[in-house]
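When reading the values below, keep in mind they use all heavy atoms of this one structure, side chains included, and skip hydrogens, waters and symmetry mates. Starting from 1, each residue takes its place in the sequence as its number.
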Amino acid sequence: MSAALVLTPGQKTTVLDPYTRGGEMLAAAYRYIEDARGTVYGDTLDGRLQAVASLYLLHLGVRPKLTSTRSDRWPPDRELSVDVVLTNPPFNMSDAPGPGRRTGNWPYGAPPQGNDNFAWVQHVLGALVLGGRAVVVMPVKAGNSVNVAEREIRRALVRSGAAECVITLPSHLFSATPVPVSLWILRRVERPVGDDVLFVDAQELGTKVRRRRVLRDTDCDAITTVVRPWLDEEQGPDGEDYTARAADRGLSAVVVARTVIMADDGCPLRPAYYLGGGNYGAAPGAAQLREAGEKAAEHTDALRLLERRWVGTGNGYRTGAGPGGWNEAVLEDLCEIRPGPSYTRLPAEARTADAGTPLVFPQDLVGGKIAEEPQNRVPWLTAERFKKFELLPNDIVCVRTGAQQQPALVSGPQAGWLLSSNVTRLRVRPNAEIDPLYLHAYLGLRYAREWMSHRAAATAAPSLSSAALGHLPVRFPPIGRQRQCVNLLGELGQRADAYASYASALGRLRAELAEHLLHGSVEPL
């Protein structure tokens, strides 16, 4: 999304990320301007990160120009100026090595010791050509921090016209930190181009995936549709166009005069301050309430259809005669059992949280499924060496080291992901007369899970060997009956998921309705 806000497809552009991490920002920029063959530059903390980012970008066909800034994070003069900066620097900390504060160039004011948030802002602006733009990921609290030095730097940014737009994003976007963040869009100018700053609140966007929120393409498009015309100076009278355009897309936006911002002692650069989050009486947005009502209605309709289908099947089960005549085998006769690679072959330093092939760990096994957003990955080139540990649809993943929990079934989108050292893969043999979905359900039984727990080696971290797991007895009926069992359990699972989604939708509708009812913008019938 950062790339879409400030880059133009087909326009040759130089792009810099001064805190390159795994190379994600530069990859996004390159994809956006690929036809124009712009040049991407990056600064990294050390040689190891430089190598990781280089490999990732080269895998995508990008030839980056990366350098290490370990000796001096804040050089007083850069030899290179670029058109665009995209970066996600570290938050609320100071890890700058070398002379740092003594050699830095701080035209907007010296940042406080111990917190580099506003050092990064000025470093980014100093790297731009005149008229160049930057998108910087900043902690939300940087917009209204009470530190005197930071307050004065904000005032200088507004006074000079360098601050163009601030966008508050949903919380829990990053797995490594729950810190809520904003995007600050900055521009290097000699004098202010406009008289106003655009503030956008996008906190309600995104979809919850486990403990994170994920921005989908539609969410990113909604933000870009509101912000990009502002940056392109398609300004309507008093900013009403942007407010209305944002409301239509589930966002809140307001255009605030620079003089109004500077009149406040704290010179806040936080959308909530101007959109009612800090001042009682601002009307809540109608778009969020409308969307919450529509979602609740959609879930109601889906539940009706599921319940109709369930009643039509006569509830799907009756008293049985017991498992007499069923087959029984041990797990190793039914499956290929493959433990993940040893820790020495795939150590922690080989992993990355940013880009590459996902690694599946025990904590990623949730409710019989694998989490959509794993926290650990390995670079793609590394993953090529571990092909025999990759996952295919209908594989089953069990805990190898750690507390036993319900095994997870691999779905289509997870094909090609890799086992970590702490899990084991089960793949049903082609000639085995057992359905993978039936086996997955069987391994989730209390009996099977207790069997595995009791046979895990009692060490500091319980460990279940492949040999021990292979002796697990499995009882199963003919294949047709297996599939009937799986279908019935699947129907119940769909109903449970539908009710959970319905409850979530009702919760959101209630929260949105409370904002309006207690503000007076709507009233009960």
Side-chain angles (χ1 to χ4, degrees), residues 209-210 299-331 333-337 360 362-372 391-399 403-415 417 423-430 432-453 469 472-505:
V209 179
R210 290 184 68 195
H299 287 294
T300 301
D301 292 340
L303 274 177
R304 287 197 186 108
L305 288 173
L306 281 173
E307 291 299 342
R308 242 182 250 130
R309 188 170 68 188
W310 178 253
V311 171
T313 62
N315 291 339
Y317 57 93
R318 61 174 181 251
T319 302
W326 286 21
N327 295 320
E328 186 169 322
V330 293
L331 193 62
D333 292 337
L334 300 173
C335 299
E336 171 208 315
I337 303 175
V360 178
Q363 62 265 31
D364 298 316
L365 313 186
V366 181
K369 300 176 182 178
I370 298 177
E372 292 183 27
L391 297 172
L392 296 177
N394 291 335
D395 283 348
I396 299 168
V397 180
C398 304
V399 173
Q404 285 298 318
Q405 54 190 301
Q406 186 176 357
L409 187 71
V410 178
S411 63
Q414 294 148 358
W417 293 16
V423 295
T424 298
R425 182 189 72 202
L426 306 180
R427 181 172 293 166
V428 172
R429 300 185 190 280
E433 296 181 358
I434 192 167
D435 187 287
L437 276 66
Y438 178 91
L439 179 60
H440 172 249
Y442 184 90
L443 294 174
L445 295 176
R446 182 170 56 251
Y447 148 75
R449 292 166 64 184
E450 288 178 353
W451 190 99
M452 289 186 277
S453 293
L469 182 58
L472 171 65
V474 181
R475 187 181 294 171
F476 51 97
I479 195 74
R481 178 60 57 83
Q482 293 178 43
R483 288 171 181 158
Q484 286 179 312
C485 294
V486 166
N487 290 339
L488 177 57
L489 294 174
E491 288 275 351
L492 283 168
Q494 285 183 21
R495 291 177 72 208
D497 290 344
Y499 274 102
S501 297
Y502 180 55
S504 176

To the nearest 0.5 Å, atom CG of L472 lies from atom OH of Y447 at 5.0 Å
Taking the side chain as every heavy atom from C-beta outward, state whether Q484 and P477 have any atom pair closer than 4.5 Å.
no
Measuring from N394:CG to L426:CG, what's the distance to the nearest 0.5 Å?
12.5 Å
To the nearest 0.5 Å, how far apart are CG in N487 and OH in Y438?
13.5 Å
Is there a donor-acceptor pair under 3.5 Å between the side chain of H440 and the backbone N or O of G368?
yes
Could you tell me the separation between the CG atom of L331 and the OH atom of Y442, rounded to the nearest 0.5 Å?
9.5 Å
Look at the side chain of Q414 and the backbone N and O of I370, then say whether any donor-acceptor pair between them is shorter than 3.5 Å.
yes
Counting distance only, does the side-chain N/O of S501 pair as donor-acceptor with the main-chain N or O of D497 below 3.5 Å?
yes
For the student: nearest non-hydrogen atoms of L489 and A441, plus distance:
CD1-CB, 4.0 Å
Value rounded to 0.5 Å, distance of OH in Y499 from CD in E307
3.5 Å
So K369 and S411, do their side chains get closer than 4.5 Å, heavy atoms only?
no
Within a 6.0 Å radius of atom CD on E336, are there more than 12 heavy atoms belonging to other residues, nucleotides or ligands?
yes
Please find the pair of heavy atoms, one from G412 and one from P393, that lie closest to each other, and give the distance.
CA-CG, 4.0 Å
Examine the side chains of E450 and S453 and answer whether a donor and an acceptor come within less than 3.5 Å of each other.
no
Look at the side chain of Q482 and the backbone N and O of D435, then say whether any donor-acceptor pair between them is shorter than 3.5 Å.
yes
CG-CZ distance between L439 and R427, expressed to the nearest 0.5 angstrom:
13.5 Å
Show, in sequence, the C-alpha distance, side-chain angles and deciding distance for E433 and I479, and conclude whether the side chain to side chain contact (heavy atoms under 4.5 Å, CB included) test is met.
CA-CA 7 Å; E433 296 181 358; I479 195 74; 5.7 Å; no
Would you find more than 12 non-hydrogen atoms of other residues, nucleotides or ligands less than 6.0 Å from R429 atom CZ?
yes
Below 4.5 Å, heavy atoms only, C-beta onward: do L365 and Q406 meet side chain to side chain?
no
